[in-house]
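Here is the structure we will look at, set down as structure tokens.
Here the structure is a predicted model, which is why all the values come from computation and not from measurement.
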Amino acid sequence: MTILANSATDMSTKSIRALYDELITRRKDISHFKSIASTLGWDQQVMMPKKAEDSRANQIGLLNGTIHDMETSPVLGAILEELERRKLTEDLSVELNPYELANIRLTRRYFKQGTLVPTELVKASSAATARSCNAWKEARECSDFSKFAPFLEEQIRHLRETITYQMKGGICEEAVRINMKARTNLGLSKDDECFKGYYQALLDNFESGFKDSRLEAIFSDLKQNLIPLIAKIKAKNFQHENEFIKGDFDVEKQAEFSNKFPKQMGFDMDAGRLDVSTHPFCNNAHPTDIRLTTRYALDNFQEGITSTIHETGHALYEQGRSKEYVDTPVSLPLSVGIHESQSLIWERMVELSKPFWTYSLPLLKEQFADHKNLQDVTVDQMYLAFNRVEPTFIRLEADEVTYPMHIILRYEIEKALVEGDIQVADVPALWNAKMKEYLGLDVTEDRLGCLQDIHWSIGITGYFPTYTLGSIYAIQIYTQAQEQIPNLDEHIAKGEFHVLKEWLNKNVHEQGSLKESGDDLVFDLTGKYLDSSLYVKYLTEKYTTIYDL
């Protein structure tokens with residue numbers, strides 16, 4: 001670890017450049033420690049022996065406590081304070097470029113957030129998360145939510161404690177405003193328990209500056225438009241054939257087929273690896289060490305190829321981060337929705353397209369030559385099979401029309417949970433009721449319902465909305481790519497995926513957190529802020545054609 005200046009008195013004589021360099025040296029140390037924690041998390045989900053659960057929880061708790069101490073170091077605070085003081089008399093932009101100024105802005109944000117939360121709470125919360133993840137796996141295996149419930153209760157308690165400290169310190173003014181208004185309406189004092197607005201604080205962690213009221217309006221609009229669209233498709237009482245993608249698809253052969261795509265899409269396999277886990281994910285320890293996971297279903301190869309392409313989309317973002325600022329905050333996305341959009345562009349706009357299957361279908365037929373019913377399938381048939389709209393219990397298997405309903409369901413439940421409108425014990429019944437209302441499905445066991453996702457168990461409550469925000473961003477960004485890349489469909493039909501990847505590198509990945517929000521980035525790129533009407537138009541027009549509505 002780098003040891004530099006150790007007191008505020010050392011700061012006043014330093015130049016702006018020297019102050020910045022010291023700030024970034026410390027930020028790089030923090031980045032390296034976070035990479036270690038990230039790799040431990042990957043190992044926990046992929047390779048760690050079962051009996052190591054308790055020791056790993058302690059390791060992660062200690063490591064995250066150390067990271068918290070580094071991020072809230074008094075010396076780091078002194079550097080930030082001196083830079084803030086210099087702004088009053090000097091123009092920092094004379095010495096520093098926009099990326100460097102963004103690094104200062106982001107470090108100040110994280111410092112303020114971190115200094116408001118006690119280290120002991122950070123350690124306790126991290127250790128609890130490690131235990132919670134293991135409990136979720138066991139509960140999912142036996143399909144019994146009650147085995148996970150105590151751990152989720154502990155997670156929610158830690159979340160509320162953390163947010164309480166931050167809101168008292170003035171973090172997330174919108175959350176504070178919502179909370180104060182709720183207290184007034186309910187006749188509560190400042191000392192009474194009230195968690196209204198707490199979800200806004202969580203949302204702000206993943207989608208900076210995005211208001212929960214705007215999110216509610218977007219989701220209301222989607223429900224109003226997509227539930228009738230789903231009903232119209234169901235009323236057709238017709239489905240396109242997809243039997244040729246079902247059957248006994250050898251998992252090893254599936255893996256061989258899927259493994260072709262990360263490299264073809266531009267993923268550097270010398271800087272990453274692909275494994276299998278219960279829940280597919282992309283671990284972003286460092287752009288030179290990206291760990292992807294996927295999962296396969298023996299009776300349907302669509303799940304394996306879709307998961308692999310989705311996670312590779314995330315990985316391409318990570319490997320496409322600014323090389324010059326790779327170990328600094330600005331290289332990371334402040335908008336998770338933008339990050340999600342990159343995986344969804346590949347999964348939805350590319351994989352679900354005819355050009356993609358023009359290239360990929362011959363490879364699939366060659367890989368599964370023993371599947372006779374696959375050999376005569378056309379590109380149009382494969383396109384229709386992959387674009388079937390069919391409500392399913394499992395979010396990861398959902399089509400793009402019903403998928404937003406999965407996200408809205410989770411958003412409504414986790415918000416009610418965090419803000420105290422429901423209790424943890426209420427989750428299974430509420431989940432099942434909403435699944436029936438939104439998708440017409442009767443959940444028969446917890447494994448198919450409230451235990452299917454890993455997110456709550458690893459402490460990332462508030463993340464789910466970014467999947468649908470990512471879908472909306474994806475439409476706007478990909479439309480712009482089509483306008484700026486000549487003959488994009490032809491490139492995809494030839495397997496020349498690098499053309500799209502390089503455009504995304506330049507226009508999205510390298511931007512990182514240079515802009516202050518995903519809204520700002522998409523506006524600068526497309527001329528419009530996040531616009532859900534474009535998403536509704538895309539889904540309506542595409543599936544009206546597919547189902548002849």
Point to revise | Check against side-chain contact (heavy atoms from CB on, under 4.5 Å), Arg56 and Asn134 | key: CA-CA 11 Å; Arg56 180 55 49 84; Asn134 295 323; over 6 Å; no
Exercise for review: For a side chain to side chain contact (heavy atoms under 4.5 Å, CB included) with Lys501, tell me which candidate from Leu504, Asn505, Val499 qualifies.
Suggested key: Asn505
Revision key, fill the gap. Partner of Asp399 under side chain to side chain contact (heavy atoms under 4.5 Å, CB included), picked from Ile233, Ile230, Val389, Thr392, is Val389
Quick one: closest heavy-atom pair of [X] and [Y], and the distance?
X	Y	answer
Arg214	Asp519	NH1-OD2, 2.6 Å
Lys434	Ile413	CD-CG1, 4.1 Å
Ile472	Asp531	CG2-O, 3.4 Å
Leu396	Pro280	CD1-CD, 3.7 Å
Gln254	Phe368	N-CZ, 3.8 Å
Phe267	Leu316	N-CD2, 3.6 Å

Validation row, ring centre [X] to ring centre [Y] under 6.0 Å:
X	Y	answer
His455	Tyr467	yes
Phe261	Trp346	no
Tyr199	Tyr411	yes

Practice item. Take Glu351 and Thr306 through the side chain to side chain donor-acceptor pair (under 3.5 Å) test and state the conclusion after the steps. Key: CA-CA 8 Å; Glu351 186 202 358; Thr306 297; 2.9 Å; yes
Exercise for review: May I ask you to check if Arg348 and Tyr478 form a cation-pi contact, with NZ or CZ under 6.0 angstrom from the six-membered ring centre and within 45° of the axis?
Suggested key: no
Practice item. Using a strict 4.0 Å threshold on nitrogen-to-oxygen distance, state whether Arg27 and Asp327 make a salt bridge. Key: no
Practice item. Before accepting this row, confirm whether a basic side-chain N of the pair Glu516/Arg109 lies closer than 4.0 Å to the acidic partner's carboxylate O. Key: no
Point to revise | Ile492 CD1 to Thr358 OG1 distance, which is reported to the nearest 0.5 Å | key: 10.0 Å
Check your understanding: Nearest 0.5 Å, what's the CD1-CE distance between Ile245 and Met382?
Key -> 7.0 Å
Check your understanding: Given the rule in the side chain to side chain donor-acceptor pair (under 3.5 Å) test, do Ser343 and Glu311 qualify, once you have shown the distances and angles that lead to the verdict?
Key -> CA-CA 6 Å; Ser343 60; Glu311 299 306 335; over 6 Å; no
Practice item. Test Glu216 against every option in Lys211, Lys415, Lys223 by the salt bridge (Lys or Arg N to Asp or Glu O under 4.0 Å) rule and name the one that passes. Key: Lys415
Exercise for review: Answer with yes or no whether the side chains of Gln319 and His509 bring together a donor and an acceptor at under 3.5 Å.
Suggested key: no
Check your understanding: Is a side-chain donor-acceptor pair under 3.5 Å present for Gln342 with Tyr473?
Key -> no
Exercise for review: Run through Tyr543, Tyr547, Phe386 and flag the one making a ring pair (Phe, Tyr, Trp, His ring centres under 6.0 Å) with His240.
Suggested key: Tyr547
Review point. Among Glu207, Glu340, Glu414, which one satisfies side-chain hydrogen bond (donor to acceptor under 3.5 Å, both in side chains) with Tyr463?
Key: Glu340
Point to revise | Residues, nucleotides or ligands: over 12 heavy atoms within 6.0 Å of Glu483 CD | key: yes
Exercise for review: Indicate the ring-plane relationship of His339 and Tyr317, choosing parallel, tilted or perpendicular according to the 30° and 60° boundaries.
Suggested key: parallel
Check your understanding: Given Glu324 and Tyr99, is the side chain to side chain donor-acceptor pair (under 3.5 Å) satisfied, shown in steps?
Key -> CA-CA 10 Å; Glu324 185 175 356; Tyr99 286 89; over 6 Å; no
